[in-house]
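Some notes on the structure that comes next.
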Amino acid sequence: MALSISSLTSSFTSLSFSHKAKSKPFAISFVPSRRFTITASASDTESIAEILANAAEAAARITPTRPDLPGGMSVEKYMKSRLPGGIAAQEILTTGRRKCAVARVALQEGNGKIIVNYREAKDYFQGNAVYLQYLTRPLVALGLEKRYDIFVKTHGGGLSGQAQAVCLGVARALLKISEENRPTLRNEGLLTRDARIVERKKAGFKKARKREQFSKR
């Protein structure tokens, strides 16, 4: 069948082509800390720089603060304000160890606050009552749990070893404050460094002493 040129041109003119590609909105996620996530969606008219600026401003607004701290400041700022020059520059500074954990403990007069690695002790030790009891055990033995604030920097090991390392560090700090605390702390066994560690694995054994089941034949 023969087609005329006029019919072809009319069919092509009836078709419409769009040269504009659909613009999909994009999103940029800004994570200022492990607890707060901000997601900002961008339209066609917004630039990436504006999105980043808005996300940074929103992150500054939601910085975690504590209403019971002076001025509602964050825990990190509070610890830095209480420890001018860092924890190493404090007068009452001791070190406690347990397993592979090491804890540097600074003691100051206060009302019983405990901050570990710029976080609240309850938050850092995941609300474990046993670990939290280790932190204040020397103070409770002397009846001073509401007279001193504890600031700790710890690393190595797990939460159990770190809690016991802090316990030893607090006991040594109280001994540094007054030598009269030694008999009470000694009777409670709080001045003894617990040297127990995991026994090493032996060659040919599954673990330190566990071995394959004996087979006679």
Side-chain angles (χ1 to χ4, degrees), residues 30-36 56-57 59-128 130-182 185 190-195 197:
F30 179 76
V31 184
S33 67
R34 54 181 293 199
R35 292 188 167 193
F36 300 95
E57 183 180 355
R61 287 198 303 266
I62 64 170
T63 301
T65 59
R66 286 290 311 277
D68 58 332
L69 296 179
M73 63 177 64
S74 63
V75 179
E76 182 176 356
K77 288 184 178 180
Y78 175 74
M79 183 172 177
K80 289 181 178 180
S81 65
R82 289 290 303 272
L83 304 176
I87 193 170
Q90 304 310 304
E91 182 179 357
I92 304 175
L93 179 66
T94 55
T95 302
R97 293 182 176 87
R98 175 73 173 96
K99 299 180 183 178
C100 296
V102 181
R104 292 189 297 169
V105 180
L107 223 59
Q108 289 188 0
E109 292 186 359
N111 53 8
K113 289 186 178 65
I114 305 176
I115 299 178
V116 182
N117 288 354
Y118 301 109
R119 292 166 58 186
E120 278 191 335
K122 188 175 181 180
D123 178 31
Y124 185 84
F125 290 103
Q126 303 174 3
N128 191 302
V130 178
Y131 298 162
L132 295 174
Q133 187 178 5
Y134 276 124
L135 307 182
T136 58
R137 190 178 170 192
L139 294 172
V140 172
L142 297 171
L144 303 174
E145 58 269 21
K146 294 298 181 182
R147 287 188 55 187
Y148 290 98
D149 291 341
I150 304 174
F151 301 94
V152 181
K153 271 193 173 182
T154 180
H155 66 275
L159 295 181
S160 175
Q162 289 181 356
Q164 296 178 56
V166 173
C167 179
L168 179 60
V170 172
R172 289 176 173 176
L174 291 171
L175 187 63
K176 199 172 183 179
I177 291 174
S178 176
E179 192 68 25
E180 297 178 356
N181 298 328
R182 181 181 292 274
L185 296 174
L190 300 174
L191 296 177
T192 303
R193 197 318 196 171
D194 193 345
I197 59 174

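Remember, predicted model here, so these are calculated numbers, not experimental data.
Shown here for L190 and A141, the closest heavy-atom pair between the two residues is CD1-CB, 4.4 Å. Of all heavy-atom pairs spanning A106 and L83, the tightest one is CB-CD2, 4.4 Å. F151 approaches I87 most closely through the heavy-atom pair O-CD1, 3.8 Å. Taking every heavy atom of both residues into account, N111 and D149 meet most closely at N-OD1, 3.0 Å.
For R182, the salt bridge (charged side-chain N to carboxylate O under 4.0 Å, His left out) partners at least two apart in sequence or on another chain are E179. Scanning for side-chain hydrogen bond (donor to acceptor under 3.5 Å, both in side chains) contacts around R104 gives an empty result, with sequence neighbours left out.
In terms of modelled atom types and a separation under 3.5 Å, the side chain of D194 and the main chain of R98 share no donor-acceptor contact.
Under a cut-off of 6.0 angstrom, the local environment of OH in Y78 is crowded, with over 12 non-hydrogen atoms contributed by other residues, nucleotides or ligands.
Distance CZ/F125 to CD1/I114: 9.0 Å, rounded to 0.5 Å. Within the model, atoms CZ of R172 and CG of L107 stand 14.5 Å from one another, a figure rounded to the nearest 0.5 Å.
Within the 4.5 Å cutoff, the side chain of V116 has no heavy atoms near those of the V166 side chain. The shortest distance between side-chain heavy atoms of I150 and L139 falls below 4.5 Å.
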